[in-house]
Protein chains: 2
Amino acid sequence: MGTTDKSPASDAEAHVRRLWRHRGAAPPSPRRGPRPQLALDAVLDAAVALADAEGLAGVSTRAVAARVGVSAMGLYPYVGSKEQLVALMQDHASVMPAWDDAGPALADDVEAWALRLFDLHVAHPWLAEVPWAQASGGPQEQDWLERLLAVLERHGIAPPRRAAVVTALYATVRASAQTAAAYRGMADGEAAAWRERAAATRRLVPDLTERYPRSTSLPPVADDWREAPREGVRQTVRLLCRGLEADGGA
Amino acid sequence: MGTTDKSPASDAEAHVRRLWRHRGAAPPSPRRGPRPQLALDAVLDAAVALADAEGLAGVSTRAVAARVGVSAMGLYPYVGSKEQLVALMQDHASVMPAWDDAGPALADDVEAWALRLFDLHVAHPWLAEVPWAQASGGPQEQDWLERLLAVLERHGIAPPRRAAVVTALYATVRASAQTAAAYRGMADGEAAAWRERAAATRRLVPDLTERYPRSTSLPPVADDWREAPREGVRQTVRLLCRGLEADGGA
DNA sequence: CGAAACGCTATACACTGTAAGGACTATGGG
DNA sequence: CCCATAGTCCTTACAGTGTATAGCGTTTCG
């Protein structure tokens, strides 16, 4: 019987082997047939570069195939499918840098983690485009999570209280990174369209400022707007940590 | 000269008119040509029902056109474009329910807001699929924001401290709703694929539990997992509010 | 040395959003 | 009143997507 069937089981297994190929899992393809003319890391480099430049929408199988000098279908032995490709891209782009913490204050350690994750998402804005639910499940993602859990543990946060903090932190970092990316793209015509809509709304809805006094009078993007999302992450971290320290263990 | 050009300005204007059609903005199309055989609200009802059933990916122009008994292109006079269609859908599905707050505790009022927004996102899981940055800009969205800001104001949270809380709350609610939706879809074959991947990872990466002791020993989804995301939202709200009350005004 | 498994290409299919052009219809200005 | 105009709605068509399939050529195993 053929050992290379396309059963969902072996498909999932091949994907996991590729994901964890640098952490002790052997990549698939038991030596047979012609030598692969590409390396998976090269493919992912190309795909990530493409996503950095044009967003996730610019990553089509044909586009990255062309970039590595291969026809569209030639990619499939390397990445399995489009969905698995973006999972591999996520992991490939999510390498966790090294830094010291073990400081006395919880807030400082959490802030260090959060700001580094934020910077990663700003460097690769498409990371926040891929839905929260379908995380890659790869090693780098696991590194980040484990690191945060270690910080919480070291500062004596009880296990049942950790989940909420983890969710809040990931969610806030991702959302802030997305607005930062939106700010960054404000030079394009995209900004003009946005301003156009805002102006039209004010023009066409007469009682807008009376009906929404608070939301329409929000600071209309101050001078330091480029740094605002990053600063927002810092504030949220401090808020959360202050909340954690406010009660002993409820 | 023709007044109905496709200039970006009038395109944006038509879109805003449609978005705010129930709040004093006149919808486009000054009486000319044959009477429209559809109502925009009917179109949006169909589109929202489709998204509820099959997710945002199931919403194609042809699919919703077929559902309202019209050819694919027949939709365009009503919705403008696909992007504008999903903006209209967002707003159409985001009607804010009525409830009383004005309680003495900040946490209770914020929790009421957050849980209602959470329930909305659980009822329409695709709401969390549409990227954070491209909010609809519609009236219902504005309602939600204004309401939260009113709560914060009434409890004396200073304006510069509001932005971070707002971001954290929206982000957490959306993320929690997405995991809730993922749990909900756990009966399908999607769950089997997920379990398959997890099993493969444990099998193929030998030192997984030693390398990631904390993240691999997380509670493997307890009995009350259906309610876990909602409970997580409540915990996060209390955490944030405790943090807000812990300092007078830093 | 076959033969089976693989890398890679080319072709093809179903599906997407929407541009283009035509048939028909109600309305505004003359 | 009449007709140009601005609408709705149709069919057709195009560029682009992910990927199934078939074939060719190459490498390694039995």
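Everything numeric in this text was worked out from a predicted model, so none of it was measured.
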Taking [Y]'s backbone N and O only, do any of them form a donor-acceptor pair with [X]'s side chain (distance below 3.5 Å, no angle check)?
X	Y	value
A:T179	A:S176	yes
B:Y78	B:V43	no
A:Q140	A:A93	no
B:E141	B:S136	yes
B:H15	B:D11	no

*asked:* Test of understanding: with salt bridge (charged side-chain N to carboxylate O under 4.0 Å, His left out), list the residues that count as partners of A:R174, not counting sequence neighbours.
replied: none

*For B:D52, which residues count as a salt bridge (charged side-chain N to carboxylate O under 4.0 Å, His left out) partner, sequence neighbours excluded?*
none

*asked:* Near DNA chain D, counting only heavy atoms under 4.0 Å, which residues of residues 41-72 of chain B show up?
replied: B:R62, B:V70, B:S71

Figure out the [atom1]/[atom2] separation between [X] and [N], and round it to whole Å.
X	N	atom1	atom2	result
A:L38	C:dC6	CG	P	18 Å
A:L75	C:dT9	CG	C1'	13 Å
B:M73	D:dC14	CE	P	15 Å

*Residues A:D119, A:R230: salt bridge by 4.0 Å N-O rule*: yes

*Would you please indicate yes or no on a ring centroid separation below 6.0 angstrom for A:Y212 and B:W144?*
no

*Could you list the residues that satisfy side-chain hydrogen bond (donor to acceptor under 3.5 Å, both in side chains) with B:R203, not counting sequence neighbours?*
A:E13

*Is A:G74 touching bases, backbone alone, or none of the nucleic acid, heavy atoms closer than 4.0 Å?*
base

_Any residue in residues 76-91 of chain B with a heavy atom nearer than 4.0 angstrom to DNA chain C? Just list them by number, or reply none._
B:Y76, B:S81, B:K82

Contacts under 3.5 Å, N or O only, protein and nucleotides 24-30 of chain D:
from   : atom 1 : to    : atom 2 : distance (Å)
D:dT27 : O3'    : A:R35 : NH2    : 3.3
D:dT27 : O2     : A:G33 : N      : 3.3
D:dT28 : OP1    : A:R35 : NH2    : 2.1

*Hey, what do you get for CG (B:L145) to CH2 (B:W113), rounding to the nearest 0.5 Å?*
8.0 Å

*OP1 or OP2 of C:dC8 under 4.0 Å from side-chain N/O of A:Q37*: yes

